[in-house]
Amino acid sequence: MAEEPTQLSKPKPPMSRIMRLSLKAVDYVADATRRADGTVNRRVLSLLDPRVPAFSTPCRGVATRDVVIDPALRLRVRLFHPATRPPGAAPLPVIVYFHGGGFAFLSAASLAYDAVCRRIARYASAVVLSVDYRRSPEHRFPAPYDDGVASLRFLDDPKNHPADVPLDVSRCFLAGDSAGGNIAHHVARRYAADVPTFKNVRLAGLIAVQPFFGGEERTPAELRLEGAPIVSVSRTDWMWRAFLPHGADRSHEAACFASPEAAGGVDSPAFPPVLLVIGGYDPLQDWQRRYCEMLMGSGKDVTVLEYPDGIHTFFLFPEFDDARDLMTRIAEFVGGRISGAGQ
């Protein structure tokens with residue numbers, strides 16, 4: 001009698017029952033608001049993901065404000081900065097942050113990203129500029145990349161700097177998680193390919209937290225970890241279709257860093273050192289490791305942080321010990337205490 005095929009068990013990363021239920025709610029929001037025709041139900045999403053206002057009054061030592069950097073595009077950023085600094089302290093490094101959400105969901109004002117950017121500013125003693133970039137499918141490739149470069153252009157002009165928060169834009173970092181990590185990479189290579197046009201901004205590093213890359217094949221991790229929280233093949237396929245140009249597949253330069261069209265800027269000496277974060281329960285981890293191999297093969301400075309129990313976007317949840325550890329490591333990277341290639 002022939003044996004029946006073995007059923008792959010659903011991956012079960014270690015976490016509390018309450019956290020597991022919370023993640024199911026996150027999955028529900030994504031699935032309930034994305035339509036089969038490639039659009040997003042923004043009305044329902046606005047109810048499930050309400051915007052958190054900025055507060056000039058410090059919260060946990062960090063104050064925030066919203067700044068419009070391009071009125072024509074209604075492009076704005078949320079500025080996070082430590083509220084108290086000793087007299088005569090040096091200007092603060094700047095971290096330009098791009099939130100996750102598959103290019104289509106969430107915003108700089110989402111509760112999770114307001115909280116995580118506040119933590120980054122506090123841990124790293126830095127100013128965080130969280131970009132509220134245009135989202136797909138209303139704004140497809142290359143809109144968020146354009147918005148990221150526009151944010152660097154905004155910082156490049158000292159007249160745009162807040163008078164009460166001294167910025168050191170010669171120590172500027174790009175950072176992001178998931179789709180935001182993808183955006184940070186592409187903005188870095190655009191900057192590196194055009195660095196002579198920037199007078200003041202100098203990129204000191206790129207922090208790519210579980211960046212969202214892909215391709216036409218299904219990797220072993222995508223197949224093995226189907227059913228893991230947050231990321232599934234059906235969701236990522238939908239997100240790429242909603243973001244890429246009409247008719248493009250996942251070999252497009254936005255998704256596939258190995259594409260010849262995606263090489264520009266990476267070979268420049270101005271492409272910054274990279275801190276790459278990989279989670280052991282992230283279905284996207286094989287793409288992230290290939291991304292690391294591509295960078296190292298191009299002679300880039302890459303530091304890899306592996307979190308074996310990390311789900312996709314684990315660092316948004318301070319309940320995880322790994323999330324707190326990553327904040328410390330980001331602070332060390334910004335402070336120059338993590339450098340050099342290796343794993």
Side-chain angles (χ1 to χ4, degrees), residues 46 49-85 89-101 103 105-135 138-139 142-177 179-180 183-184 186-188 190-191 197-204 207 334:
S46 67
D49 177 38
R51 297 181 68 91
V52 176
F55 289 103
S56 57
T57 302
C59 175
R60 297 189 176 182
V62 175
T64 61
R65 70 187 73 169
D66 289 334
V67 180
V68 176
I69 67 173
D70 189 331
L73 295 177
R74 301 175 65 186
L75 176 60
R76 59 184 172 184
V77 297
R78 178 158 292 185
L79 187 75
F80 300 77
H81 63 91
T84 58
R85 302 176 63 247
L92 296 170
V94 181
I95 302 171
V96 180
Y97 194 87
F98 302 96
H99 66 81
F103 305 105
F105 300 95
L106 305 174
S107 73
S110 293
L111 177 60
Y113 284 103
D114 183 85
V116 82
C117 288
R118 193 181 300 275
R119 290 197 295 273
I120 293 172
R122 185 171 68 250
Y123 272 79
S125 297
V127 171
V128 177
L129 200 77
S130 183
V131 183
D132 209 7
Y133 57 84
R134 290 170 290 169
R135 293 167 297 175
E138 297 88 349
H139 304 282
Y145 304 161
D146 292 342
D147 294 347
V149 174
S151 301
L152 292 183
R153 299 282 183 202
F154 180 83
L155 286 172
D156 199 48
D157 186 349
K159 291 184 292 187
N160 294 326
H161 296 182
D164 58 330
V165 185
L167 307 182
D168 182 359
V169 296
S170 70
R171 290 189 296 152
C172 186
F173 295 79
L174 297 175
D177 69 286
I183 296 168
H186 285 288
V187 172
R190 285 185 173 205
Y191 165 88
T197 65
F198 289 88
K199 295 180 180 179
N200 300 297
V201 167
R202 292 295 178 265
L203 290 189
I207 302 166
V334 172

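Index from 1, following the sequence.
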In chain order, what residues pass the side-chain contact (heavy atoms from CB on, under 4.5 Å) check against [X], with sequence neighbours excluded?
{"X": "L73", "value": "D70, L75, R134, D147"}
{"X": "A188", "value": "L174, L203, L206, F271, P272"}
{"X": "D157", "value": "K159, N160"}
{"X": "R51", "value": "R76, S107, A109, D132"}

What pair of heavy atoms forms the shortest contact from [X] to [Y], and how long is it?
{"X": "V52", "Y": "S110", "answer": "CG2-C, 4.3 Å"}
{"X": "P162", "Y": "L79", "answer": "CG-CD2, 4.0 Å"}
{"X": "L92", "Y": "S125", "answer": "CD2-O, 3.4 Å"}
{"X": "P144", "Y": "I183", "answer": "CB-CD1, 3.7 Å"}
{"X": "Y191", "Y": "R202", "answer": "OH-CA, 3.3 Å"}
{"X": "V334", "Y": "I207", "answer": "CG2-CD1, 4.2 Å"}

Exercise for the section: Check whether any side-chain N or O of H81 sits under 3.5 Å from a backbone N or O of A121 as a donor-acceptor pair, and report yes or no. Expected result: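 Judged by distance alone, no pair lies under 3.5 Å.
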Residues in side-chain hydrogen bond (donor to acceptor under 3.5 Å, both in side chains) with [X], at least two apart?
{"X": "Y97", "result": "D177"}
{"X": "S170", "result": "D168"}
{"X": "D146", "result": "R190"}
{"X": "R118", "result": "D114"}

Exercise for the section: Cation-pi check, R135 to F105: give yes when NZ or CZ is under 6.0 Å from the six-membered ring centre and within 45° of the ring axis, no otherwise. Expected result: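 Judged by the rule, R135 and F105 form no cation-pi pair.
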Tell me which donor-acceptor pairs under 3.5 Å the side chains of residues 55-64 have, and how far apart each pair is, sequence neighbours excluded?
residue	atom	partner	partner atom	Å
T64	OG1	F55	N	2.7
T64	OG1	F55	O	3.2

[X] side chain near [Y] side chain, heavy-atom distance below 4.5 Å:
{"X": "H186", "Y": "P142", "value": "no"}
{"X": "R65", "Y": "V165", "value": "yes"}
{"X": "T197", "Y": "R153", "value": "yes"}
{"X": "V94", "Y": "F173", "value": "no"}

Practice task
Measure the OH-CZ distance between Y145 and F98 for me, rounded to the nearest 0.5 Å.
Solution key: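 Result: 10.5 Å between the selected atoms.
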Handout entry: F80 CZ to I95 CD1 distance, which is reported to the nearest 0.5 Å
Key =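 Going from CZ on F80 over to CD1 on I95, the span is 11.5 Å.
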Practice task
Might you work through the side chain to side chain contact (heavy atoms under 4.5 Å, CB included) test for V96 and V77, ending with a clear yes or no?
Solution key: CA-CA 9 Å; V96 180; V77 297; over 6 Å; no
Exercise for the section: Identify, with sequence neighbours excluded, every residue that meets ring-ring contact (aromatic ring centres under 6.0 Å, His included) alongside Y123. Expected result: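 For Y123, no residue satisfies ring-ring contact (aromatic ring centres under 6.0 Å, His included) once neighbours in sequence are set aside.
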Handout entry: Under the ring-ring contact (aromatic ring centres under 6.0 Å, His included) test, residues paired with Y133 that sit two or more places apart
Key =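 Listed in chain order: H99.
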Practice task
Go through the structure and list residues passing salt bridge (Lys or Arg N to Asp or Glu O under 4.0 Å) with D156, not counting sequence neighbours.
Solution key: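 Not a single residue meets the salt bridge (Lys or Arg N to Asp or Glu O under 4.0 Å) criterion with D156.
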